[in-house]
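A short worksheet on the structure shown next.
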Amino acid sequence: MYDKSRVEISDDIIFVGADDPELEIFESQYPTEGISYNSYVILDDKIAIMDTVDERGSGQFFDNLKNVLKDKKPDYLIVQHMEPDHSENVEKLAKMYPDMKIVGSALAKTILNQFFETDFSSVFQVVSEGETLSLGKHTLQFFTAPMVHWPEVIVTWEQTEKVLFSADAFGTFSALENNEEWIADASHYYFNIVGKHGAPVQALLAKAKNLDIKVIAPLHGPVHKDDIDFIIEKYDRWSRYEPDRTGIFIPYASIHGNTKKAALQFARELEEAGETVVTMDLTEEDVTEAVEQAFLYDRMVVFAATYDLEIFPAMNDLLHHLKIKNFQKRKVGIVENGSWAPAAGKKMKEYFDAMKDITVVEPMITIRSARKAADDEKFKALAEAMK
Ligand code: FEO
């Protein structure tokens, strides 16, 4: 069971979401130790529900809702984001409360009608940028946040208690019951879920800057109260694609171990020279972990074997992910291995050349089957160039 204070807001704004500690893979691709699907009820003259939850959390959601609402009926369901981990229960809820208005962006209305057989047009209330909705003591103000993380997203500013319901922004992987150390789950989540959309995150931060925020309530993970400046500073830095920390990330993709040995030897040499180094075996670790590390550090040296005259698949997968996630503003070194026709280096450089503000340093190193003493000078030159 999770510590309720992690999602607690006030006597009038009550958590009715679901914790899902059993989930191992989120959205069919991200390894995680569970996740939470956050939803809140705002009790006032009019009652609003902030989003629903994934189908996996339906039982908890409807139990929580019943405990909070008792015999009252909700007047509004605010749909901030139409991705199914938050909208899966909209139809069921709308059938339970046919007089309830569903509030969201115009695009949310379109997407809602795409997901379900039911046509929700007659109960859907479209809101636009800056529009307000009074519940009594509480007033909700809606701001668009397109591409954080889908185009229909709105965030909701509750003016009285100064709560920003931030949709996917500021969310974290991992179930609520797991731990208090959420920042690694937050960066793994950010770079993989939202990281592609730096400019839209900056646009959202510009709107948030004008608000005197006391609580940020994302759709996943704990609410932010004492750490608001910290998480906003992280989002500002991350969404400008500025590195989070100084150091060299060395992901490697090795077939029989010689590329791995070369990567680990180079890592030791860099550490001896005083660098912070993080290595990752791409054949062992999930690619989304490597995406996170690549974005966190200011420099990266990639090591890959050649396979079928291409990049060994585990490295190709990472570079494909970095390309589609808008990886940029970094210094990169390249080391390829090939026994008779090395080709991975050229192909890896093509990936980086197509990215924005990536500096590929010289020398690009080719090792033939295994690193030898004769290669030492080239690695020394690469270490120097990576400074
Ligand atoms: Fe948690 Fe983009 O959905």
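Only a predicted model underlies this, so the values are computations on that prediction, with no experimental measurement involved. Sequential numbering from 1 along the given sequence is applied to the chain's residues. One-based numbering, in listed order, for ligands and for the atoms of each.
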- Can you find a side-chain donor-acceptor pair between Asn316 and His320 that sits under 3.5 Å? no
- Task: Could you grab the protein N, O or S atoms closer than 2.8 Å to atom 2 (Fe) of ligand 1 for me?
- Result: His81 NE2, Glu83 OE1, His149 ND1, Asp168 OD2
- Note on the structure: salt bridge (Lys or Arg N to Asp or Glu O under 4.0 Å) pairs touching residues 139-160, sequence neighbours excluded, are none
- Item | Polar side-chain atom of Gln60 near backbone of Ala18 as donor-acceptor pair, under 3.5 Å | no
- Task: Could you grab the distance from atom CZ of Phe266 to atom CD of Glu275, nearest 0.5 Å is fine?
- Result: 9.0 Å
- State the CD1-CG distance between Ile49 and Asp75, to the nearest 0.5 angstrom. 9.5 Å
- Message: Check whether Tyr190 forms a cation-pi arrangement with Lys234 (NZ or CZ under 6.0 Å from the six-membered ring centre, at most 45° off the ring normal).
- Response: no
